[in-house]
Amino acid sequence: METLILLAVCFAGYIVAYNTYGRFLARKIFRLDNKREVPSRKINDGIDYVPSKRGIIFGHHYTSIAGTGPIVGPAIGIIWGWLPAVLWILLGSIFMGAVHDFGSLVVSMRNEGRSVSEAAAKYINKRVRFIFFAVVFLTLLIVIAVFGVVIASVFTLFPNSVIPVWLQIPIAVILGKAVYKMGANVNISTAAAVIAMYLMIIAGSYFPIEIPAVMGIPSSGVWVILLLIYAWIASTLPVTTLLQPRDYINAWQLFIALTLLIAGAVFSGFSTDFAISAPMINKDVPDTTPALWPFMFVIIACGAVSGFHSLVASGTSPKQVEKESDSLFVGYGSMLLEGVLALLVIVCVSAGIGMALEVDGQILTGSAAWNEQYSTYIGSHGLDSKLRPVVLGAANMMGSIGIPAAVGTTLMGVFIASFASTTLDTSVRLQRYVVGELAQDFKIGWLKNRWAATSLAVLTAAGLAFANGAGGKGALVLWPLFGSANQLLAALALLVVTLYLRTKGGKKFIFPLIPCIFMLIITNWAMVLNEIRFADNGNTLLVIIGGLVFVLALWVTIEAAVVFCRKPAEQKSSASPT
(Lines give C-alpha, C1' and ligand atoms only; values in the text may rest on other atoms or scores of the structure.)
Protein backbone atom coordinates (compact mmCIF):
# COMPACT_ATOMS: atom_id res chain seq x y z
CA MET A 1 0.00 0.00 0.00
CA GLU A 2 2.90 2.38 0.69
CA THR A 3 3.89 2.04 -2.97
CA LEU A 4 0.43 3.12 -4.13
CA ILE A 5 0.45 6.09 -1.75
CA LEU A 6 3.83 7.17 -3.13
CA LEU A 7 2.57 6.95 -6.72
CA ALA A 8 -0.67 8.79 -5.88
CA VAL A 9 1.20 11.65 -4.18
CA CYS A 10 3.66 12.02 -7.08
CA PHE A 11 0.96 11.84 -9.78
CA ALA A 12 -1.10 14.43 -7.92
CA GLY A 13 2.02 16.59 -7.67
CA TYR A 14 2.45 16.50 -11.44
CA ILE A 15 -1.17 17.44 -12.09
CA VAL A 16 -1.00 20.34 -9.64
CA ALA A 17 2.36 21.48 -11.07
CA TYR A 18 1.04 21.56 -14.66
CA ASN A 19 -2.04 23.55 -13.72
CA THR A 20 -0.21 26.01 -11.46
CA TYR A 21 3.49 26.45 -12.18
CA GLY A 22 3.20 25.44 -15.83
CA ARG A 23 0.33 27.80 -16.53
CA PHE A 24 2.11 30.56 -14.58
CA LEU A 25 5.15 30.19 -16.84
CA ALA A 26 2.93 30.19 -19.93
CA ARG A 27 0.88 33.25 -18.98
CA LYS A 28 3.19 35.42 -16.92
CA ILE A 29 6.73 34.51 -17.93
CA PHE A 30 6.62 33.54 -21.62
CA ARG A 31 3.27 35.24 -22.31
CA LEU A 32 2.04 32.76 -24.91
CA ASP A 33 -0.08 34.45 -27.55
CA ASN A 34 -2.03 32.59 -30.23
CA LYS A 35 -2.06 35.74 -32.35
CA ARG A 36 1.70 35.44 -32.80
CA GLU A 37 2.65 33.71 -36.04
CA VAL A 38 4.39 30.38 -35.47
CA PRO A 39 7.09 28.84 -37.73
CA SER A 40 4.90 25.92 -38.83
CA ARG A 41 2.48 28.36 -40.45
CA LYS A 42 4.90 31.07 -41.47
CA ILE A 43 7.28 28.75 -43.35
CA ASN A 44 5.11 25.62 -43.96
CA ASP A 45 7.25 23.79 -46.53
CA GLY A 46 5.43 20.45 -46.21
CA ILE A 47 8.70 18.72 -45.29
CA ASP A 48 9.89 19.92 -41.89
CA TYR A 49 7.56 22.84 -41.18
CA VAL A 50 4.03 21.42 -40.96
CA PRO A 51 1.23 22.66 -38.64
CA SER A 52 0.10 19.65 -36.62
CA LYS A 53 -2.67 18.91 -34.16
CA ARG A 54 -1.65 19.22 -30.53
CA GLY A 55 -2.09 15.54 -29.71
CA ILE A 56 -0.05 14.41 -32.71
CA ILE A 57 2.90 16.72 -32.07
CA PHE A 58 2.76 15.78 -28.38
CA GLY A 59 3.17 12.14 -29.37
CA HIS A 60 6.10 12.94 -31.65
CA HIS A 61 7.80 15.17 -29.10
CA TYR A 62 7.32 12.81 -26.17
CA THR A 63 8.58 9.67 -27.86
CA SER A 64 11.55 11.60 -29.29
CA ILE A 65 12.73 12.89 -25.91
CA ALA A 66 11.99 9.69 -23.99
CA GLY A 67 14.04 6.94 -25.65
CA THR A 68 15.62 4.58 -23.14
CA GLY A 69 16.81 7.40 -20.85
CA PRO A 70 13.89 7.42 -18.37
CA ILE A 71 14.11 3.63 -18.24
CA VAL A 72 17.83 2.95 -17.82
CA GLY A 73 18.66 6.03 -15.71
CA PRO A 74 16.24 5.31 -12.82
CA ALA A 75 17.10 1.60 -12.96
CA ILE A 76 20.72 2.53 -12.19
CA GLY A 77 20.00 5.52 -9.94
CA ILE A 78 17.97 3.58 -7.40
CA ILE A 79 21.24 2.13 -6.11
CA TRP A 80 21.48 5.17 -3.79
CA GLY A 81 17.98 4.49 -2.43
CA TRP A 82 14.47 5.13 -3.65
CA LEU A 83 13.95 8.43 -1.78
CA PRO A 84 16.71 10.51 -3.44
CA ALA A 85 15.75 9.06 -6.83
CA VAL A 86 12.05 9.89 -6.40
CA LEU A 87 12.75 13.41 -5.08
CA TRP A 88 15.07 14.19 -7.99
CA ILE A 89 12.63 12.83 -10.56
CA LEU A 90 9.62 14.63 -9.06
CA LEU A 91 11.12 18.01 -8.21
CA GLY A 92 13.69 17.98 -11.00
CA SER A 93 11.12 17.38 -13.74
CA ILE A 94 8.75 20.06 -12.40
CA PHE A 95 11.20 22.88 -11.68
CA MET A 96 14.10 22.07 -14.01
CA GLY A 97 13.35 19.65 -16.82
CA ALA A 98 9.93 21.02 -17.76
CA VAL A 99 11.19 24.63 -17.57
CA HIS A 100 14.16 23.63 -19.75
CA ASP A 101 12.03 21.87 -22.38
CA PHE A 102 9.22 24.45 -22.41
CA GLY A 103 11.63 27.39 -22.50
CA SER A 104 13.73 25.89 -25.31
CA LEU A 105 10.58 25.24 -27.34
CA VAL A 106 9.23 28.79 -26.92
CA VAL A 107 12.56 30.45 -27.70
CA SER A 108 12.96 28.34 -30.83
CA MET A 109 9.38 29.01 -31.98
CA ARG A 110 10.03 32.74 -31.65
CA ASN A 111 13.12 32.38 -33.82
CA GLU A 112 11.65 30.54 -36.83
CA GLY A 113 12.17 27.10 -35.30
CA ARG A 114 15.95 27.45 -35.28
CA SER A 115 18.23 25.42 -33.06
CA VAL A 116 19.50 26.29 -29.61
CA SER A 117 22.88 26.97 -31.23
CA GLU A 118 21.42 29.73 -33.39
CA ALA A 119 19.55 31.12 -30.38
CA ALA A 120 22.85 31.21 -28.47
CA ALA A 121 24.39 33.26 -31.26
CA LYS A 122 21.51 35.72 -31.07
CA TYR A 123 21.21 36.13 -27.31
CA ILE A 124 24.89 35.72 -26.36
CA ASN A 125 27.09 36.47 -29.38
CA LYS A 126 28.12 34.95 -32.69
CA ARG A 127 31.36 33.53 -31.27
CA VAL A 128 29.52 30.99 -29.17
CA ARG A 129 27.48 29.68 -32.10
CA PHE A 130 30.27 27.36 -33.17
CA ILE A 131 31.00 26.27 -29.61
CA PHE A 132 27.36 25.24 -29.27
CA PHE A 133 27.48 23.54 -32.65
CA ALA A 134 30.52 21.54 -31.54
CA VAL A 135 28.88 20.37 -28.29
CA VAL A 136 25.57 19.62 -30.02
CA PHE A 137 27.21 17.82 -32.95
CA LEU A 138 29.28 15.66 -30.59
CA THR A 139 26.25 14.85 -28.43
CA LEU A 140 24.12 13.82 -31.42
CA LEU A 141 27.02 11.92 -32.99
CA ILE A 142 27.34 9.77 -29.87
CA VAL A 143 23.56 9.31 -29.58
CA ILE A 144 23.13 8.20 -33.19
CA ALA A 145 26.06 5.79 -33.14
CA VAL A 146 25.30 4.35 -29.69
CA PHE A 147 21.55 3.99 -30.19
CA GLY A 148 22.21 1.82 -33.21
CA VAL A 149 24.06 -0.56 -30.88
CA VAL A 150 21.40 -0.18 -28.18
CA ILE A 151 18.60 -1.18 -30.54
CA ALA A 152 20.70 -4.05 -31.89
CA SER A 153 21.23 -5.23 -28.30
CA VAL A 154 17.50 -4.98 -27.58
CA PHE A 155 16.74 -7.04 -30.69
CA THR A 156 19.22 -9.65 -29.42
CA LEU A 157 17.76 -9.63 -25.91
CA PHE A 158 14.15 -9.57 -27.17
CA PRO A 159 14.02 -11.26 -30.63
CA ASN A 160 10.22 -11.19 -30.34
CA SER A 161 10.40 -7.40 -30.74
CA VAL A 162 11.95 -7.42 -34.22
CA ILE A 163 8.78 -7.96 -36.26
CA PRO A 164 6.60 -5.49 -34.31
CA VAL A 165 9.24 -2.73 -34.41
CA TRP A 166 9.95 -2.97 -38.12
CA LEU A 167 6.31 -3.40 -39.12
CA GLN A 168 5.49 -0.16 -37.31
CA ILE A 169 7.01 1.53 -40.37
CA PRO A 170 4.30 0.60 -42.93
CA ILE A 171 1.60 1.14 -40.29
CA ALA A 172 2.93 4.66 -39.66
CA VAL A 173 3.18 5.46 -43.38
CA ILE A 174 -0.41 4.35 -43.94
CA LEU A 175 -1.56 6.39 -40.93
CA GLY A 176 0.23 9.50 -42.16
CA LYS A 177 -1.23 9.16 -45.65
CA ALA A 178 -4.73 8.53 -44.29
CA VAL A 179 -4.71 11.61 -42.04
CA TYR A 180 -2.82 14.12 -44.19
CA LYS A 181 -3.61 13.00 -47.75
CA MET A 182 -7.04 11.41 -47.49
CA GLY A 183 -8.57 13.48 -44.68
CA ALA A 184 -9.42 10.43 -42.57
CA ASN A 185 -10.77 10.83 -39.05
CA VAL A 186 -7.79 11.03 -36.66
CA ASN A 187 -9.43 9.07 -33.84
CA ILE A 188 -10.58 6.21 -36.04
CA SER A 189 -7.23 6.09 -37.87
CA THR A 190 -5.37 6.09 -34.56
CA ALA A 191 -7.45 3.21 -33.20
CA ALA A 192 -6.87 1.17 -36.36
CA ALA A 193 -3.11 1.84 -36.28
CA VAL A 194 -2.78 0.92 -32.60
CA ILE A 195 -4.78 -2.31 -33.10
CA ALA A 196 -2.57 -3.20 -36.06
CA MET A 197 0.52 -2.48 -33.98
CA TYR A 198 -0.59 -4.83 -31.20
CA LEU A 199 -1.48 -7.53 -33.72
CA MET A 200 2.15 -7.28 -34.89
CA ILE A 201 3.26 -7.71 -31.26
CA ILE A 202 1.25 -10.93 -31.09
CA ALA A 203 2.80 -12.07 -34.38
CA GLY A 204 6.25 -11.21 -33.08
CA SER A 205 5.74 -13.35 -29.97
CA TYR A 206 5.28 -16.38 -32.25
CA PHE A 207 8.03 -15.50 -34.74
CA PRO A 208 11.20 -14.24 -33.04
CA ILE A 209 13.86 -13.04 -35.48
CA GLU A 210 17.58 -13.50 -35.01
CA ILE A 211 19.88 -12.48 -37.86
CA PRO A 212 23.23 -14.20 -38.49
CA ALA A 213 26.58 -12.66 -39.32
CA VAL A 214 26.86 -11.42 -42.91
CA MET A 215 30.18 -11.34 -44.80
CA GLY A 216 32.13 -11.38 -41.57
CA ILE A 217 30.03 -8.65 -39.98
CA PRO A 218 28.46 -9.86 -36.69
CA SER A 219 24.74 -9.46 -36.16
CA SER A 220 25.18 -6.30 -34.07
CA GLY A 221 27.04 -4.64 -36.93
CA VAL A 222 24.42 -5.75 -39.46
CA TRP A 223 21.66 -4.26 -37.31
CA VAL A 224 23.57 -0.97 -36.99
CA ILE A 225 23.93 -0.73 -40.78
CA LEU A 226 20.23 -1.49 -41.36
CA LEU A 227 19.16 1.00 -38.68
CA LEU A 228 21.33 3.80 -40.09
CA ILE A 229 19.93 3.17 -43.58
CA TYR A 230 16.42 3.38 -42.14
CA ALA A 231 17.29 6.56 -40.22
CA TRP A 232 18.65 8.16 -43.42
CA ILE A 233 15.38 7.45 -45.25
CA ALA A 234 13.15 8.52 -42.34
CA SER A 235 15.07 11.77 -41.87
CA THR A 236 14.85 12.88 -45.50
CA LEU A 237 11.15 12.12 -45.99
CA PRO A 238 8.56 14.79 -45.14
CA VAL A 239 7.96 14.71 -41.39
CA THR A 240 4.30 13.71 -41.82
CA THR A 241 5.18 10.68 -43.98
CA LEU A 242 6.94 8.53 -41.39
CA LEU A 243 8.63 10.28 -38.46
CA GLN A 244 5.63 12.02 -36.94
CA PRO A 245 3.02 9.24 -37.38
CA ARG A 246 5.45 6.60 -36.10
CA ASP A 247 6.23 8.65 -33.02
CA TYR A 248 2.51 9.24 -32.55
CA ILE A 249 1.54 5.56 -32.53
CA ASN A 250 4.51 4.81 -30.29
CA ALA A 251 3.13 7.39 -27.88
CA TRP A 252 -0.08 5.37 -27.74
CA GLN A 253 2.00 2.28 -27.08
CA LEU A 254 3.47 4.16 -24.15
CA PHE A 255 0.06 5.25 -22.85
CA ILE A 256 -1.11 1.63 -22.93
CA ALA A 257 2.08 0.39 -21.25
CA LEU A 258 1.74 3.06 -18.54
CA THR A 259 -1.89 2.05 -18.03
CA LEU A 260 -0.91 -1.63 -17.69
CA LEU A 261 1.86 -0.78 -15.22
CA ILE A 262 -0.42 1.45 -13.15
CA ALA A 263 -3.14 -1.20 -13.20
CA GLY A 264 -0.57 -3.79 -12.21
CA ALA A 265 0.60 -1.59 -9.34
CA VAL A 266 -2.96 -1.04 -8.11
CA PHE A 267 -3.90 -4.75 -8.27
CA SER A 268 -0.60 -5.73 -6.68
CA GLY A 269 -1.12 -3.18 -3.93
CA PHE A 270 -4.51 -4.62 -2.99
CA SER A 271 -3.82 -8.30 -3.59
CA THR A 272 -0.22 -8.78 -2.40
CA ASP A 273 2.35 -7.27 -0.09
CA PHE A 274 3.44 -4.77 -2.74
CA ALA A 275 6.08 -3.11 -0.60
CA ILE A 276 9.15 -1.19 -1.69
CA SER A 277 12.03 -3.64 -1.35
CA ALA A 278 14.81 -1.13 -2.03
CA PRO A 279 16.21 0.83 0.91
CA MET A 280 14.96 4.38 1.39
CA ILE A 281 18.56 5.62 1.49
CA ASN A 282 21.20 3.05 0.65
CA LYS A 283 24.29 3.55 2.81
CA ASP A 284 25.77 0.20 1.80
CA VAL A 285 26.30 0.62 -1.93
CA PRO A 286 28.63 -1.67 -3.92
CA ASP A 287 32.29 -0.63 -3.91
CA THR A 288 32.37 0.53 -7.54
CA THR A 289 29.37 2.84 -7.14
CA PRO A 290 30.19 6.54 -7.69
CA ALA A 291 29.16 9.18 -5.16
CA LEU A 292 25.50 10.23 -5.02
CA TRP A 293 26.60 13.86 -5.32
CA PRO A 294 26.95 14.71 -8.17
CA PHE A 295 26.50 11.51 -10.17
CA MET A 296 22.86 10.66 -9.39
CA PHE A 297 21.85 13.94 -11.04
CA VAL A 298 23.80 13.01 -14.16
CA ILE A 299 22.73 9.35 -14.33
CA ILE A 300 19.00 9.98 -13.75
CA ALA A 301 18.86 12.48 -16.60
CA CYS A 302 15.82 12.14 -18.85
CA GLY A 303 13.47 11.50 -15.95
CA ALA A 304 14.34 14.88 -14.43
CA VAL A 305 16.22 17.08 -16.93
CA SER A 306 18.17 16.30 -20.10
CA GLY A 307 20.03 18.48 -22.58
CA PHE A 308 19.01 16.22 -25.44
CA HIS A 309 15.45 17.47 -24.93
CA SER A 310 16.53 20.99 -25.91
CA LEU A 311 17.65 19.63 -29.28
CA VAL A 312 14.20 18.19 -29.95
CA ALA A 313 12.49 21.28 -28.50
CA SER A 314 14.54 23.49 -30.82
CA GLY A 315 14.62 21.02 -33.69
CA THR A 316 11.65 19.04 -35.00
CA SER A 317 8.92 20.10 -32.54
CA PRO A 318 8.92 23.93 -32.98
CA LYS A 319 8.50 23.40 -36.71
CA GLN A 320 5.22 21.55 -36.14
CA VAL A 321 3.47 23.27 -33.21
CA GLU A 322 0.27 24.78 -34.58
CA LYS A 323 -0.17 27.68 -32.13
CA GLU A 324 1.75 29.09 -29.19
CA SER A 325 -0.61 27.86 -26.49
CA ASP A 326 0.08 24.26 -27.57
CA SER A 327 3.70 24.64 -26.48
CA LEU A 328 2.70 24.36 -22.81
CA PHE A 329 1.16 20.93 -23.37
CA VAL A 330 3.93 19.78 -25.70
CA GLY A 331 6.95 21.19 -23.85
CA TYR A 332 6.01 21.29 -20.18
CA GLY A 333 3.43 18.48 -20.22
CA SER A 334 5.59 15.92 -22.03
CA MET A 335 8.42 16.38 -19.53
CA LEU A 336 6.04 15.71 -16.65
CA LEU A 337 4.79 12.56 -18.37
CA GLU A 338 8.38 11.46 -18.78
CA GLY A 339 8.72 11.93 -15.04
CA VAL A 340 5.71 9.63 -14.60
CA LEU A 341 7.45 6.97 -16.69
CA ALA A 342 10.64 7.32 -14.63
CA LEU A 343 8.66 6.97 -11.39
CA LEU A 344 6.98 3.82 -12.66
CA VAL A 345 10.42 2.43 -13.51
CA ILE A 346 11.45 3.16 -9.91
CA VAL A 347 8.41 1.17 -8.76
CA CYS A 348 9.31 -1.70 -11.13
CA VAL A 349 12.88 -1.96 -9.84
CA SER A 350 12.01 -1.46 -6.18
CA ALA A 351 8.58 -3.04 -5.52
CA GLY A 352 8.06 -5.06 -8.71
CA ILE A 353 11.38 -6.88 -8.54
CA GLY A 354 10.63 -7.78 -4.92
CA MET A 355 7.49 -9.71 -5.91
CA ALA A 356 9.55 -12.58 -7.32
CA LEU A 357 13.06 -13.12 -8.64
CA GLU A 358 14.22 -16.55 -9.73
CA VAL A 359 17.86 -17.30 -8.95
CA ASP A 360 19.25 -20.79 -9.64
CA GLY A 361 15.80 -22.33 -9.36
CA GLN A 362 15.01 -20.54 -6.11
CA ILE A 363 12.41 -17.77 -5.85
CA LEU A 364 13.55 -14.75 -3.87
CA THR A 365 11.18 -12.04 -2.70
CA GLY A 366 11.32 -8.70 -0.89
CA SER A 367 14.66 -7.21 0.09
CA ALA A 368 16.42 -10.51 -0.67
CA ALA A 369 15.36 -10.20 -4.33
CA TRP A 370 16.41 -6.56 -4.52
CA ASN A 371 19.78 -7.17 -2.86
CA GLU A 372 20.45 -10.04 -5.25
CA GLN A 373 19.72 -7.84 -8.27
CA TYR A 374 21.69 -4.86 -6.96
CA SER A 375 24.58 -6.65 -5.28
CA THR A 376 26.87 -4.98 -7.82
CA TYR A 377 26.74 -1.57 -9.50
CA ILE A 378 24.78 -2.27 -12.68
CA GLY A 379 25.80 1.09 -14.16
CA SER A 380 29.15 -0.45 -15.06
CA HIS A 381 27.56 -3.51 -16.68
CA GLY A 382 26.04 -4.07 -20.11
CA LEU A 383 22.58 -3.10 -21.33
CA ASP A 384 21.15 -6.49 -20.32
CA SER A 385 21.96 -5.87 -16.65
CA LYS A 386 20.42 -2.39 -16.78
CA LEU A 387 17.17 -3.51 -18.44
CA ARG A 388 16.72 -6.80 -16.58
CA PRO A 389 15.31 -5.41 -13.29
CA VAL A 390 12.90 -3.14 -15.21
CA VAL A 391 11.58 -5.92 -17.43
CA LEU A 392 11.31 -8.48 -14.61
CA GLY A 393 9.64 -6.00 -12.25
CA ALA A 394 7.19 -4.86 -14.92
CA ALA A 395 6.35 -8.45 -15.88
CA ASN A 396 5.67 -9.27 -12.20
CA MET A 397 3.32 -6.28 -11.90
CA MET A 398 1.50 -7.10 -15.14
CA GLY A 399 1.14 -10.67 -13.92
CA SER A 400 -1.16 -9.44 -11.16
CA ILE A 401 -3.72 -8.43 -13.82
CA GLY A 402 -3.48 -11.76 -15.64
CA ILE A 403 -0.81 -11.00 -18.24
CA PRO A 404 1.57 -14.00 -18.49
CA ALA A 405 5.22 -13.24 -17.76
CA ALA A 406 6.29 -14.16 -21.31
CA VAL A 407 3.76 -11.73 -22.80
CA GLY A 408 4.73 -9.01 -20.34
CA THR A 409 8.39 -9.46 -21.26
CA THR A 410 7.55 -9.20 -24.97
CA LEU A 411 5.49 -6.05 -24.41
CA MET A 412 8.38 -4.41 -22.54
CA GLY A 413 10.89 -5.49 -25.18
CA VAL A 414 8.86 -3.94 -27.99
CA PHE A 415 8.25 -0.87 -25.86
CA ILE A 416 11.99 -0.32 -25.23
CA ALA A 417 13.06 -1.05 -28.81
CA SER A 418 10.35 1.21 -30.25
CA PHE A 419 11.36 4.14 -28.07
CA ALA A 420 15.03 3.70 -28.91
CA SER A 421 14.13 3.64 -32.62
CA THR A 422 12.18 6.91 -32.44
CA THR A 423 15.12 8.58 -30.67
CA LEU A 424 17.48 7.32 -33.39
CA ASP A 425 15.55 8.66 -36.38
CA THR A 426 14.77 11.95 -34.64
CA SER A 427 18.46 12.37 -33.74
CA VAL A 428 19.52 11.91 -37.37
CA ARG A 429 16.99 14.55 -38.44
CA LEU A 430 18.26 16.89 -35.71
CA GLN A 431 21.84 16.35 -36.84
CA ARG A 432 20.72 17.18 -40.37
CA TYR A 433 19.36 20.51 -39.08
CA VAL A 434 22.65 21.18 -37.27
CA VAL A 435 24.70 20.46 -40.40
CA GLY A 436 22.32 22.53 -42.56
CA GLU A 437 22.51 25.57 -40.27
CA LEU A 438 26.30 25.30 -40.14
CA ALA A 439 26.43 25.04 -43.95
CA GLN A 440 24.29 28.15 -44.19
CA ASP A 441 26.63 30.08 -41.87
CA PHE A 442 29.69 29.02 -43.88
CA LYS A 443 27.82 29.46 -47.18
CA ILE A 444 28.41 25.84 -48.27
CA GLY A 445 25.49 25.61 -50.68
CA TRP A 446 25.57 21.89 -51.50
CA LEU A 447 25.59 20.90 -47.83
CA LYS A 448 22.33 22.75 -47.17
CA ASN A 449 20.63 20.10 -49.28
CA ARG A 450 18.76 17.78 -46.91
CA TRP A 451 20.06 14.63 -48.57
CA ALA A 452 23.68 15.76 -48.34
CA ALA A 453 23.29 16.97 -44.75
CA THR A 454 21.62 13.70 -43.73
CA SER A 455 24.33 11.69 -45.48
CA LEU A 456 27.00 13.54 -43.49
CA ALA A 457 25.07 12.90 -40.27
CA VAL A 458 24.76 9.18 -40.97
CA LEU A 459 28.26 8.63 -42.36
CA THR A 460 29.98 10.32 -39.41
CA ALA A 461 27.92 8.18 -37.02
CA ALA A 462 28.76 5.06 -39.04
CA GLY A 463 32.44 6.01 -38.95
CA LEU A 464 32.32 6.28 -35.16
CA ALA A 465 30.26 3.09 -34.79
CA PHE A 466 32.70 0.98 -36.82
CA ALA A 467 35.88 2.73 -35.70
CA ASN A 468 37.04 -0.24 -33.62
CA GLY A 469 35.66 -3.16 -35.60
CA ALA A 470 32.76 -4.69 -37.51
CA GLY A 471 30.59 -5.05 -34.42
CA GLY A 472 29.47 -1.42 -34.73
CA LYS A 473 30.26 -0.69 -31.07
CA GLY A 474 32.90 2.00 -31.55
CA ALA A 475 30.76 4.75 -30.03
CA LEU A 476 30.74 2.92 -26.71
CA VAL A 477 34.29 4.21 -26.27
CA LEU A 478 32.91 7.77 -25.99
CA TRP A 479 29.75 6.82 -24.10
CA PRO A 480 31.25 7.61 -20.66
CA LEU A 481 31.29 11.26 -21.80
CA PHE A 482 27.63 11.37 -22.72
CA GLY A 483 26.02 11.71 -19.29
CA SER A 484 27.91 14.80 -18.17
CA ALA A 485 27.99 16.32 -21.68
CA ASN A 486 24.23 15.84 -21.97
CA GLN A 487 23.54 17.53 -18.63
CA LEU A 488 26.00 20.30 -19.47
CA LEU A 489 24.00 20.92 -22.63
CA ALA A 490 20.88 21.24 -20.44
CA ALA A 491 22.63 23.90 -18.36
CA LEU A 492 23.68 25.80 -21.50
CA ALA A 493 20.16 25.63 -22.96
CA LEU A 494 18.78 27.02 -19.69
CA LEU A 495 21.41 29.75 -20.00
CA VAL A 496 20.05 30.72 -23.42
CA VAL A 497 16.46 30.76 -22.10
CA THR A 498 17.64 32.93 -19.18
CA LEU A 499 19.25 35.46 -21.52
CA TYR A 500 16.17 35.49 -23.75
CA LEU A 501 13.99 36.40 -20.77
CA ARG A 502 16.60 38.90 -19.60
CA THR A 503 15.95 40.89 -22.77
CA LYS A 504 12.30 41.18 -21.74
CA GLY A 505 13.16 43.17 -18.62
CA GLY A 506 12.03 42.53 -15.06
CA LYS A 507 12.89 39.41 -13.07
CA LYS A 508 11.38 36.76 -15.34
CA PHE A 509 14.82 35.32 -16.01
CA ILE A 510 15.04 34.02 -12.43
CA PHE A 511 12.88 30.98 -13.22
CA PRO A 512 15.33 29.38 -15.69
CA LEU A 513 18.40 30.94 -14.00
CA ILE A 514 18.07 28.99 -10.74
CA PRO A 515 17.97 25.54 -12.39
CA CYS A 516 20.69 26.74 -14.79
CA ILE A 517 23.08 27.51 -11.92
CA PHE A 518 22.29 24.20 -10.23
CA MET A 519 22.97 22.25 -13.42
CA LEU A 520 26.19 24.16 -14.14
CA ILE A 521 27.53 23.31 -10.69
CA ILE A 522 26.46 19.67 -10.76
CA THR A 523 27.65 18.89 -14.28
CA ASN A 524 30.98 20.70 -14.07
CA TRP A 525 31.59 18.91 -10.76
CA ALA A 526 30.84 15.57 -12.43
CA MET A 527 33.02 16.41 -15.44
CA VAL A 528 36.01 17.25 -13.24
CA LEU A 529 35.63 13.98 -11.30
CA ASN A 530 35.30 12.06 -14.57
CA GLU A 531 38.44 13.71 -15.95
CA ILE A 532 40.34 12.57 -12.86
CA ARG A 533 38.98 9.04 -13.27
CA PHE A 534 39.82 8.94 -17.00
CA ALA A 535 43.36 10.12 -16.24
CA ASP A 536 43.80 7.52 -13.48
CA ASN A 537 42.66 4.82 -15.92
CA GLY A 538 45.06 6.07 -18.58
CA ASN A 539 42.21 6.84 -21.00
CA THR A 540 43.85 9.67 -22.95
CA LEU A 541 41.12 9.95 -25.58
CA LEU A 542 38.37 10.59 -23.01
CA VAL A 543 40.62 13.00 -21.11
CA ILE A 544 41.24 15.07 -24.26
CA ILE A 545 37.65 15.12 -25.57
CA GLY A 546 36.13 15.56 -22.11
CA GLY A 547 38.57 18.35 -21.32
CA LEU A 548 37.78 20.09 -24.60
CA VAL A 549 34.03 19.96 -23.92
CA PHE A 550 34.63 21.31 -20.41
CA VAL A 551 36.70 24.25 -21.69
CA LEU A 552 34.20 25.09 -24.44
CA ALA A 553 31.31 25.04 -21.96
CA LEU A 554 33.26 27.26 -19.57
CA TRP A 555 33.89 29.67 -22.43
CA VAL A 556 30.16 29.85 -23.25
CA THR A 557 29.33 30.40 -19.58
CA ILE A 558 31.79 33.30 -19.28
CA GLU A 559 30.53 34.90 -22.49
CA ALA A 560 26.94 34.54 -21.25
CA ALA A 561 27.82 36.02 -17.85
CA VAL A 562 29.27 39.09 -19.57
CA VAL A 563 26.09 39.53 -21.61
CA PHE A 564 23.89 38.92 -18.56
CA CYS A 565 25.60 41.70 -16.64
CA ARG A 566 24.68 44.24 -19.28
CA LYS A 567 21.56 46.32 -18.89
CA PRO A 568 18.47 44.71 -20.50
CA ALA A 569 18.18 47.65 -22.89
CA GLU A 570 21.67 46.92 -24.25
CA GLN A 571 20.75 43.28 -24.75
CA LYS A 572 17.59 44.19 -26.62
CA SER A 573 19.50 46.38 -29.06
CA SER A 574 22.12 43.69 -29.72
CA ALA A 575 19.81 40.67 -29.85
CA SER A 576 16.62 42.19 -31.30
CA PRO A 577 14.52 39.35 -29.88
CA THR A 578 11.15 38.43 -31.22
Please tell me if the side chains of [X] and [Y] come closer than 4.5 Å, counting only heavy atoms from C-beta onward.
X: Y332; Y: L25; answer: yes
X: L337; Y: F58; answer: yes
X: C302; Y: P70; answer: yes
X: H100; Y: P515; answer: no
X: P294; Y: T523; answer: no
X: Y248; Y: V194; answer: no

Looking only at atom types and distance, does a side-chain atom of [X] sit under 3.5 Å from a main-chain N or O of [Y], one as donor and one as acceptor?
X: T3; Y: F274; value: yes
X: R246; Y: I169; value: no
X: N396; Y: A356; value: yes
X: N486; Y: F482; value: no
X: T289; Y: Y377; value: no
X: N282; Y: D284; value: yes
X: S400; Y: G264; value: yes

**Request:** For T156 and E210, test the side chains for any donor-to-acceptor distance below 3.5 angstrom and give the result as yes or no.
**Result:**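 Judged by distance alone, the side chains do not pair up.
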
**Prompt:** Taking atom types as modelled and ignoring hydrogens, do the side chains of H60 and T316 form a donor-acceptor contact shorter than 3.5 angstrom?
**Reply:** yes

Does [X] have more than 12 heavy atoms from other residues, nucleotides or ligands lying within 6.0 Å of its [atom1]?
X: F267; atom1: CZ; value: no
X: F255; atom1: CZ; value: yes
X: F207; atom1: CZ; value: no
X: W166; atom1: CH2; value: yes
X: N19; atom1: CG; value: yes

**Prompt:** Which side-chain hydrogen bond (donor to acceptor under 3.5 Å, both in side chains) pairs, counting each pair once, include a residue from residues 76-96, with sequence neighbours left out?
**Reply:** Y14-S93

**Asked** Considering residues at least two apart in sequence or located in another chain, which fulfil the ring-ring contact (aromatic ring centres under 6.0 Å, His included) criterion with F534?
**Response** none

**Item:** Ring centre gap for F511 and F95 strictly below 6.0 Å
**Value:** no

**Prompt:** Going through the checks in order, is the side chain to side chain contact (heavy atoms under 4.5 Å, CB included) test met by W370 and I276?
**Reply:** CA-CA 9 Å; W370 193 88; I276 296 177; over 6 Å; no

Pairs of donor and acceptor atoms involving the side chains of residues 387-394, under 3.5 Å and at least two apart or interchain, shall be tabulated with distances.
from: R388; atom 1: NH1; to: Q373; atom 2: OE1; distance (Å): 2.8

